[in-house]
Amino acid sequence: MSDTLTGVAVVGSANVDLVVEVSRPPLVGETLLGSAGGRFAGGKGLNQAVASARSGAPTRFCAVVGRDDGAELLQQTLTDAGVRAVLRRSADAPTGVAHVLALDGGDNSIIVAAGANAELDVSDAVAGVEGAAVVLVQLEIPAAAVAAALSAGRAAGARTLLNAAPAQDAAIDMLDDVDVLIVNETECEELGGVDRLRAAGAGAVVLTRGAAGVTLHRSGQEALDIGAFRIDPVDTTGAGDAFCGALAAALAVGERIEDALVRACAAGAIVSQHRGATTAALSPASIAALIASRR
Ligand code: RIB
């Protein structure tokens, strides 16, 4: 990594999350009454950028939003977290919206209407990663933009992280430009398993397994398991994003990946204990306190 590169650049989606708390998803044709609801900032890209900044790394974020009040909510959340955001305004499309069912026990089901996220293009992506030490992308924006961010980051000497969520086959062709691939068990299976992902070029594969912790797979080395923190989850929406953002932040400030993964697990646990996909409770201090509580 070059000395002139600094911080984390996240290129990705920004959504307004419309959350309803409900005991189970509705059946087809059924109307269910939820217990509570809310409107929060979300989108995997935005959540990861906020988590990176709140974990202590200088962070910039590139996304496309609408010309509507949803965009104002997202901008405010990014500003409050200290993210340097470049939000391009679409001429026609509305800000992306996610319908989130927050289920009993902390699980969730999510449907996304991409809106303006679908307009994020290659030039946005290439500009978005310039000068960053760590580039972090996900798959809620067009695949061409994700591929461009990874290849521009790699060419400039950045460390490149791909969170292959939601899983898409297009990710396989990008893996030559990926230093660290982050997938959960469902995504890993949909993409053909750890061996296929490593063979396709991913430098390291981080497999997240919820309450069972995470496993780091690297070539020529034993798989490394890192335990999850024991918490009572309130809302797991954004927990995976907090993990990715905090991992990127720790790598950008020079931590070893083994230590960075512990910080990432702690960040995911902290976000799971709060409603919504981002929380001001995430900070270098709260991460350190949770890690210290386990020793
Ligand atoms: O990962 C959680 C996020 O997925 C939500 O914030 C929602 O917007 C969807 O993008």
Side-chain angles (χ1 to χ4, degrees), residues 10-22 25 37-54 61-66 68 70-71 73-78 80-81 83 85 87 93-103 106-120 136-143 145-146 161-168 171 182-187 190 206 208 210 214 233-248 264 267-280 282:
V10 182
V11 176
S13 58
N15 297 328
V16 173
D17 286 0
L18 302 176
V19 181
V20 179
E21 290 176 28
V22 67
R39 186 170 178 264
F40 300 97
K44 294 185 193 307
L46 179 145
N47 297 340
Q48 294 183 13
V50 167
S52 170
R54 292 207 179 276
F61 176 51
C62 162
V64 185
V65 295
D68 46 39
L73 168 70
L74 305 186
Q75 177 67 70
Q76 190 60 53
T77 302
L78 290 158
D80 291 348
V83 175
L87 300 182
T95 298
V97 173
H99 295 266
V100 181
L101 301 185
L103 306 171
D107 284 338
N108 60 66
S109 296
I110 302 176
I111 304 170
V112 175
N117 291 302
E119 295 183 5
L120 201 149
L136 173 59
V137 282
Q138 331 71 34
L139 296 172
E140 276 188 338
I141 54 171
V146 178
L161 276 60
L162 170 64
N163 173 214
Q168 294 177 29
I182 305 139
V183 281
N184 67 23
E185 290 170 294
T186 309
E187 291 149 1
E190 285 180 40
V206 173
T208 63
V214 304
V234 171
D235 177 0
T236 58
T237 313
D241 298 329
F243 176 93
C244 294
L247 176 62
I270 291 164
V271 167
S272 298
Q273 290 172 289
H274 295 84
R275 293 198 193 291
T278 64
T279 173
L282 182 64

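Keep in mind that this is a model prediction, so the values were computed, not measured. Each ligand, and each atom within it, is numbered from 1 in the order the structure gives.
Here the side chains of Leu74 and Val65 are in contact, with some heavy-atom distance below 4.5 Å.
At the top of the distance list for atom 4 (O) of ligand 1, counting protein heavy atoms only, stands Lys44 NZ, 3.2 Å. Ranking the protein heavy atoms by distance from atom 3 (C) of ligand 1 puts Asn47 ND2, 3.7 Å first.
To the nearest 0.5 angstrom, Lys44 atom NZ is 9.0 Å from Cys244 atom SG. One finds the CG atom of Leu282 at 9.5 Å from the NE2 atom of His274 (value rounded to the nearest 0.5 Å).
Taking every heavy atom of Asp241 and a limit of under 4.0 angstrom, the matching atoms of ligand 1 come to 1 (O), 2 (C), 3 (C). Ligand 1 places these atoms under 4.0 Å from at least one heavy atom of Asp17: 5 (C), 6 (O), 7 (C), 8 (O). Every atom of ligand 1 is numbered from 1 in the order shown, and the set under 4.0 Å from a heavy atom of Glu140 is 4 (O), 9 (C), 10 (O). Distances below 4.0 Å separate heavy atoms of Gly43 from the following atoms of ligand 1: 5 (C), 6 (O), 7 (C), 8 (O), 10 (O). Close contacts of ligand 1 with Ala98, meaning ligand atoms under 4.0 Å from a residue heavy atom, involve 7 (C), 8 (O). Every atom of ligand 1 with a heavy atom of Gly42 under 4.0 Å away is listed here by number and element: 6 (O), 8 (O).
Ligand 1 lies out of reach of Gly240, whose nearest heavy atom is not under 4.0 Å from it.
Gln168 contributes a side-chain N or O that, together with a main-chain N or O of Leu139, makes up a donor-acceptor pair within less than 3.5 Å. A donor-acceptor pair under 3.5 Å links the side-chain atoms of Asp68 to the main chain of Thr95, judged by distance alone. In terms of modelled atom types and a separation under 3.5 Å, the side chain of Asn163 and the main chain of Gln138 share no donor-acceptor contact.
Neither the backbone nor the side chain of Val100 has a heavy atom within less than 4.0 Å of ligand 1.
Closest approach of Asn15 and Val97 over heavy atoms only: OD1-N, 4.0 Å.
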